[in-house]
Every structure is written in C-alpha cells, then in structure tokens.
2 protein chains.
Amino acid sequence: MSIDQARSARSLGTGPRLGSRASREAILLAARTRFAKDGFSGSTIRGIAGDAGVDASLVMQYFGSKNELFAAVIASGPNTMSQIAEAFDGPEDCLGERVTRAFLEVWDGDPVESEPLQALLRAAIGSEQATTQLKELIQERVLVDLGPRLQHDADMKTRIEIASSMLVGVVVGRRLVGLDALVRQDRDSLVGYIAPAIQAILSAESSDVSSVTSSAAPSRSTAAHGSIPVI
Amino acid sequence: MSIDQARSARSLGTGPRLGSRASREAILLAARTRFAKDGFSGSTIRGIAGDAGVDASLVMQYFGSKNELFAAVIASGPNTMSQIAEAFDGPEDCLGERVTRAFLEVWDGDPVESEPLQALLRAAIGSEQATTQLKELIQERVLVDLGPRLQHDADMKTRIEIASSMLVGVVVGRRLVGLDALVRQDRDSLVGYIAPAIQAILSAESSDVSSVTSSAAPSRSTAAHGSIPVI
DNA sequence: CAAACTTCTCAACAATCGTTGAGAAGTATG
DNA sequence: CATACTTCTCAACGATTGTTGAGAAGTTTG
C-alpha cells in the first residue's frame, strides 16, 4: 500500500524544497522581534506573518498555535543563561563585577540572545496568569543553570535571587523602559556603579536591621571591611 | 429656557442619588485590582464591569474609554511616590535602609497604594508602545517627587535611577514573579540583605572597573569604611 | 505525462474586544 | 400627576483576534 510505503520509507522526499525551512526561520525571526517589542498579547499572528512575508495560516501550520510559537521563540535563544551562570564561578572578590558584566553583555549583545529574554520578561511581567504559566519556564532556564552553584546553603540562594532581580531591574530600566540616565551610560561605567552593590549582596553578611527578628545572621562573620566596595 | 436654567443653577439636583458615586467607586476598585493582576491588555471592560456588578457601558459612561479608566486607576493612588521620595532625605549613613524599607513598605502595604503601581509596572513593561506612552507618566510621578532631591549633580541622578531600578527589580521578583526565596523572606531580613547594596549605590564612589574608561570617578572620596554595611 | 507530495494562500469561522445609541427604572422638582 | 433629570441596562455595531479547511502552485518520483 502507498500508505505503508510512505510510512516505512518516511519522508522519502517527493515534494519540493521551495522555501522549505527558510519560511520557518523567517517566521521565527519575525516572532522573536515582535514578541520582544510588543509583548505577547500585543503581538498578532497576522503581524508576525506579515513581517515574515507569509500568510498567517502558515504560522499555524508550522507552530500549531500562538502559545507554541512563543515557546519556540523562547527556546530559540542559545545558552545565554549558562553564560550568565558561568560568571558566578571564579574568585569571590570580583564576583560582583563578573556577574554584572555578564548580565549587561547579554542584554547589549546579539538580538538572537537578548530578544528572547526581552520577550520572556515582557510576557512574564505582563499578567499574573502569564507569570504562573511562565514561572516554571523561568525556573527551568535560570535555576537549572544556576542551581548547582547555589546548592550549598539557602542563604546563598536568596542572595543570588536578590542580585539577579536587581540586575533584571537595571536591565529593564535601561533596555525596556529606557530611563534617561541609564541609557546614556556605557557599559563600563554602569558596571562601575552597579558591581559594588552586587558584590555586597553576594558576599556580605546579612546584618539584622531592626531590633528583634532573631532568625537571620547565619554564620559568616567576615563582612564589610575590604570585600564590599572592592571590585 | 430650561437649558439655561439647568446651566445657570448647575446640577440643582432633580435626579436620583441611587448608586450615584458608589458605582463609580466600585468600577474604579474593580479596575484597579484587575489592571494590577491581569495587566492592561489582559483586562477587559466587561470583566471589570462584571466585578463591579455593573454593565460594561456604564464604565464607558463614567470614564470614556479603557485608556482613561486606566489613567484614573493610576491617578487614584495616593502619595506613594512622595512617601518613597521622602526616604531620600535625612542622614546619609542610613540612606540605603530608609529607601529600601520605603520601597518594600509601599509594595507590601495597602492595595490602594500598591495595586496602581503594579498596574503601572505591568503596563509599562508589557510592550514598547505602552512604555513610550507611559514613560512621561512615570517620569511625572517619579521624577517630580524625586527631582528636587537630585538637582545637584547628574551623577546622583544616575545613582538614584540605578537604585530605583534595582529595588523595582526586587519588588518585581517578589510580588509579581513570586520568586521562592524572595517571597519567603520577611521584610526586615530582606532589608538586611538589600540595604547595604543600595547604600553602596547611593553613597559609594563610582570606581573604575576595567582599564581605561577615563570619564568616571567624579569627586567624592569618602567611601566604604563604615557607611556601607552599617544600616 | 501522471501521481504523490510539500509548501503555501484564500476565505471564512466563531469568539471577543472596545464602543455606541436608545431606552428602561427611578427620584427629585413643579 | 407631570415633567426634568440622573442612573443604569439592553442590544447591537464594527473591528480584530486565533484558528481551521480546502485548494492552488510547484517539485519530485514512477
């Protein structure tokens, strides 16, 4: 039977190689840019298809749905997270600078890397529903890379999450919101401002602020002499 | 003429005071919550009206359009920004703690204050178009309060924008994304982690990181002895 | 050429959106 | 009661959305 023939010799290739995967790539590129710029609900399949020079139904045929297209865009980014995660390794006295620089470099770099992150961030902050939907994706792509580095103590995990949130905030202000003073600064001077603070988060001791709050203050007693504003 | 009568004695009150302004308040409350939770494009007028127990057209009658309703929600928040801005005044050696605490208090506090900020943040990050639309509103509500405090030098303006972005990042991770380690911490221990870093941003000297980058390093030389991890 | 196959477009569906106009329902004034 | 006014609902509009099914256009195999 012809069906069995086609099934046994799967995709033996009688058809054309017209646009083939070129259209698929064009769709993915257009989707990446539009999701990064307009967010998820702000982007339309018709608009993406138009940018790719393709009919909207072809997008559905390749990716199934808008959600799956978005997932494909997020998955299309290369190893940006491991690039950031690697910065957590190495000597501790310049940890703040390395991590800060890694963050800024990824977001200033190739759109292939930064645009999926923009899209993920816009979507994740856009609504509570999207947040919970994307939370496992965030934890997967962030904490899987960062995980082995913070297995030691829960305190270090907290520090890393705080430092990462701070750097995300800076990047949001600089690249998404476009705050004047942040956009004006070049990368190196920004690192000069930020790295000491990140260093303080990642290496200093959690000092108790108010009166009681007995819980905190774990173990490390070496704090705040040379390690904080060092870089 | 009756028209002139009604115009001269404006709203002399022949009509009913049924729901009167109660429905308006209900709409505003429902809109505030939904915009904070679902973002701008994720919220629908029909949904807001449903929460308020009211028809959708009444929303239009009171607020004109979805955009104006959103603007009313944003304007409904009290003086939250000035509350944060006031934290920038006072002795410099505990600046980081005051500012950090003010940020976290506003976001942990009354929904009347925090939800309009959530809505503004979600909308502003949601898409590039919304960002540019809301940027002047952000600058208006943030920098008008903060402005007088940073008139002195451009360097301080940069520092304040960086510190604010960082704190927004922390708040986003804690209240919007819901990162585990950040949600678990209570406010005081969070301040213990964060305040030294904010203090470093707001008071330390911008140290040159790499080799060249001649520009930076302005004037202040007092840095990093007791003021940074003090709280 | 004919048949099989892939690539892509056209037209339309059903749902939902913001928005509008007309008119009930009810209360004050004459 | 009759009139004027406010408050609110009903029904519908036009536009846009994601999504679908059928069928052109073109390429390879027999």
Side-chain angles (χ1 to χ4, degrees), chain A residues 1-28 30-31 34-35 38-72 127 129-130, chain B residues 1-28 30-31 34-35 38-72 127 129-130:
Chain A
M1 295 88 172
S2 63
I3 298 179
D4 280 348
Q5 282 180 358
R7 191 172 290 170
S8 60
R10 46 258 183 108
S11 79
L12 37 77
T14 69
R17 304 293 181 276
L18 295 173
S20 193
R21 294 305 161 93
S23 292
R24 213 190 112 101
E25 291 300 316
I27 292 172
L28 205 56
R34 279 201 102 107
F35 280 141
D38 302 332
F40 181 78
S41 46
S43 303
T44 68
I45 288 193
R46 282 179 171 83
I48 292 170
D51 289 354
V54 153
D55 189 80
S57 65
L58 193 65
V59 178
M60 304 298 300
Q61 217 153 1
Y62 272 133
F63 295 95
S65 71
K66 190 185 180 182
N67 286 328
E68 294 176 83
L69 174 61
F70 183 80
S127 80
Q129 179 185 345
Chain B
M1 293 88 170
S2 64
I3 296 179
D4 281 347
Q5 283 180 357
R7 192 171 290 171
S8 59
R10 45 253 181 113
S11 78
L12 38 75
T14 69
R17 305 293 182 272
L18 296 172
S20 195
R21 294 306 161 94
S23 294
R24 213 189 111 103
E25 292 300 316
I27 292 172
L28 205 56
R34 279 201 103 106
F35 280 141
D38 302 332
F40 181 78
S41 47
S43 303
T44 69
I45 288 193
R46 282 179 170 86
I48 291 170
D51 289 353
V54 153
D55 189 81
S57 65
L58 193 65
V59 179
M60 305 297 300
Q61 217 153 0
Y62 273 133
F63 296 95
S65 70
K66 189 184 180 183
N67 285 328
E68 293 175 84
L69 174 61
F70 183 81
S127 79
Q129 179 185 343

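These numbers come from the heavy atoms of this one structure, side chains and all, not from hydrogens, waters or symmetry mates. Since we're looking at a predicted model, the values are computed, not measured. Chain letters run A, B, ... following the sequence lines, proteins first and then strands; every chain starts at 1.
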[N] [atom2] sits how many Å from [X] [atom1], rounded?
X: B:Tyr62; N: C:dT19; atom1: OH; atom2: P; result: 18 Å
X: B:Arg24; N: D:dC8; atom1: CZ; atom2: P; result: 12 Å
X: B:Leu69; N: C:dG18; atom1: CG; atom2: P; result: 10 Å

dist B:Glu25:CD -> B:Tyr62:OH (nearest 0.5 Å) comes out at 10.0 Å
(request) Is it possible for you to check whether B:Lys66 lies under 6.0 Å from the centre of the six-membered ring of B:Phe40, through NZ or CZ, and within 45° of that ring's axis? (result) yes
Does A:Leu69 reach the side chain of A:Ile27, with side-chain heavy atoms less than 4.5 Å apart?
yes
### Query
With a 3.5 Å cut-off and no angle check, do the side chains of A:Asn67 and A:Ser65 form a donor-acceptor pair?
no
Protein-proximity profile, nucleotides 9-19 of chain D, B/S/- by nucleotide at the 4.0 Å heavy-atom cutoff, equals BB-B----BBB
Worksheet entry | Closest non-hydrogen atom pair, B:Ala30 against B:Asp51 |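 Minimum heavy-atom contact is CB-CB, 3.7 Å.
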